[in-house]
Amino acid sequence: MSLKRALITGITGQDGSYLSEFLLAKGYEVHGIVRRVALEDPDHRLSRLRHIRDRLVLHAASLESYASIHRVVQDVQPQECYHLAAQSFVSYSFDDEFSTLNININGSHSLLAVIKALAPECRFYFAGSSEMFGTADEAPQSESTRFHPRSSYGISKVAGFHLTRNYREAYGMHASSGILFNHESPRRGFEFVTRKITAGVARILAGTSDELRLGNLEARRDWGHAREYTEAMWLMLQQPHPDDYVVATGECHSVREFVQLAFSHAGLDYRKYVKTDKQLYRPAEINLLKGNSAKARRVLGWTHRTTFEELVAEMVDEDCRALGVKVVA
Ligand code: G4F
């Protein structure tokens, strides 16, 4: 029997790397779309895939080019497509709304249109986000909570969500969206607050830095482990019918709580090192995101396993290990 073929956009990122490992372990043939520059600078841009690089098939293409996506989908003929690629840093979306909207909306639209034309039986996953809820009317947020995004990133994800739903309803495609709340790991990009904090703790312990500048410490997020969230993506595509699911832990913590825990795990008092910087506040903040993943638990049988404390500890330990410093809390 031939292997099942999956195509992943955004394969070089945190989620793409965990999803690739998961699909390889399930016996899939895993293809990924990467930018040409990534293939030219593999040490830097493919670092999260280094350990599995020889088991993946990578294709140079760009979501900004319909023609390149067309070529890849025609060549691969995937049975499952996981669309994870996006300009995903919310702060940056305030600096350049136009490129965020262009890449995120047009990229998702191109991919859906190409799959409809060339591989209509392919099951499609869209990476939605809790940023779509923005200033929500209720907490926790579920699949029925009204969207009120607060950034062009959030708006672009609402558009991608509706495009996915409409391809499902209009053309009968097996197209599902995961509305994933914040998910972190030692593979998280350094621009996101959790990794910025844990890498900052490691630098302070190593003696190469003596302060950490952060923005709003009172924002509250629902933080889970990225590895577990990629399993939910796969489960959505194994269902007989496509649908949308919130994926979250149901617990939320402030940035300050994350900071406190990360520093105390390393035996440090955060108040000596953390400075708040108004420049790092966002023009429009989301104060509270907390997810209700009852539907994912009921239908997919998915549940998170890693606690908040375990997540923080794993991230601090990994960043300290990378710098060769010992955590002696
Ligand atoms: O880590 P963040 O940048 O993540 P954010 O904006 O919640 O978005 C992440 O999760 C979403 C899922 O809900 C994804 F869709 C999205 O792509 C991304 O992965 O910021 C978290 C919170 C914010 O309230 C921010 O204002 O931390 C606050 N924060 C405080 N100081 C900071 C900082 N965020 C960053 N990045 N850097 C700071 O210095």
Side-chain angles (χ1 to χ4, degrees), residues 10 13-16 18 83-95 100 103-104 108 126-136 139-141 145 147-161 177-185 187-201 211-226 229-230 232-233 245-260 262 270 273-293 308 311-312 315:
Q14 166 187 260
D15 296 3
Y18 282 124
H83 177 34
L84 313 183
Q87 189 305 94
S88 66
F89 185 33
V90 176
S91 286
Y92 177 71
S93 77
F94 288 105
D95 299 334
T100 301
I103 294 169
N104 291 3
S108 303
F126 174 69
S129 161
S130 56
E131 286 290 309
M132 303 192 304
F133 293 123
T135 309
Q141 295 94 34
T145 303
F147 296 142
H148 185 148
R150 297 267 286 165
S151 63
S152 59
Y153 169 79
I155 293 167
S156 74
K157 286 290 173 180
V158 171
F161 174 88
S177 289
I179 307 176
L180 269 52
F181 282 62
N182 296 49
H183 43 289
E184 319 294 314
S185 76
R187 297 185 193 176
R188 189 58 147 146
F190 290 99
E191 65 273 39
F192 299 98
V193 76
T194 56
R195 188 77 194 280
K196 186 174 170 183
I197 296 165
T198 61
V201 167
E211 73 165 30
L212 177 63
R213 301 190 86 79
L214 295 170
N216 181 9
L217 298 183
E218 308 316 326
R220 298 175 73 79
R221 290 290 184 275
D222 180 330
W223 278 296
H225 198 299
Y229 285 41
T230 60
M233 299 174 186
Y245 299 89
V246 161
V247 179
T249 69
E251 225 185 85
C252 78
H253 298 273
S254 65
V255 174
R256 186 184 297 280
E257 284 171 67
F258 194 105
V259 167
Q260 198 164 14
Y270 81 96
Y273 305 97
V274 172
K275 310 264 180 310
T276 47
D277 182 343
K278 290 284 171 204
Q279 300 284 338
L280 295 170
Y281 278 57
R282 295 175 181 178
E285 177 63 278
I286 299 174
N287 295 323
L288 169 72
L289 287 173
K290 179 179 178 181
N292 172 355
S293 58
F308 178 65
L311 175 66
V312 176
M315 291 179 70

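Start at 1 and go down the list; that is how both ligands and their atoms are numbered. When reading the values below, keep in mind they use all heavy atoms of this one structure, side chains included, and skip hydrogens, waters and symmetry mates.
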Option of least heavy-atom distance to [atom] (set: [options]):
{"atom": "atom 29 (N) of ligand 1", "options": "Val193, Asp15, Ile286", "result": "Val193"}
{"atom": "atom 27 (O) of ligand 1", "options": "Val90, Asn287, Leu217, Val255", "result": "Val255"}
{"atom": "atom 3 (O) of ligand 1", "options": "Glu184, Glu285, Arg282, Glu191", "result": "Arg282"}

**OP:** Taking ring-ring contact (aromatic ring centres under 6.0 Å, His included) as the test, write out the residues that go with Tyr245, two or more places apart.
**Re:**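 Counting only residues at least two positions away or on another chain, Tyr245 forms no ring-ring contact (aromatic ring centres under 6.0 Å, His included).
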
Subject >> ring-ring contact (aromatic ring centres under 6.0 Å, His included) involving Phe161 - partner list, sequence neighbours excluded >> reply: Phe147

At a 4.0 Å threshold, what atoms of ligand 1 neighbour a non-hydrogen atom of [X]?
{"X": "Ser130", "result": "12 (C), 13 (O)"}
{"X": "Gly215", "result": "30 (C), 31 (N), 33 (C), 39 (O)"}
{"X": "Ser88", "result": "16 (C), 17 (O), 18 (C)"}
{"X": "Leu214", "result": "31 (N), 39 (O)"}
{"X": "Ala219", "result": "24 (O)"}
{"X": "Lys196", "result": "38 (C), 39 (O)"}
{"X": "Tyr153", "result": "14 (C), 15 (F), 16 (C), 17 (O)"}

Subject >> Interatomic distance, Arg256 atom CZ to Arg220 atom CZ [nearest 0.5 angstrom] >> reply: 11.5 Å

**OP:** Just let me know how Leu180 lines up against ligand 1, side chain, backbone, both or neither, with a heavy-atom cut-off below 4.0 Å.
**Re:** backbone

Subject >> Heavy atom of the protein closest to atom 15 (F) of ligand 1 (residue, atom name, distance) >> reply: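 For atom 15 (F) of ligand 1, the nearest protein heavy atom is Ser129 OG, 2.5 Å.
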
**OP:** For the residue pair Phe133 and Phe181, categorise the inter-ring angle as parallel (less than 30°), tilted (30 to 60°) or perpendicular (more than 60°).
**Re:**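 The arrangement is tilted - the two ring planes meet at 30° to 60°.
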
Original post:
Arg220 near ligand 1, heavy-atom distance under 4.0 Å?
Top reply: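 No, that is not the case, since the closest heavy atom of the residue is not under 4.0 Å from the ligand.
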
Subject >> Phe89 touching ligand 1 at heavy-atom level, < 4.0 angstrom >> reply: yes

Original post:
Quick one: does Arg221 get an N or O within less than 3.5 Å of an N or O on ligand 1?
Top reply: yes

**OP:** Could you tell me whether Asn182 and ligand 1 have an N or O pair separated by under 3.5 Å?
**Re:**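 Between Asn182 and ligand 1 (N or O atoms, distance only) the closest approach is under 3.5 Å.
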
Subject >> salt_bridge(Glu184, Lys196) N-O dist < 4.0 Å >> reply: no

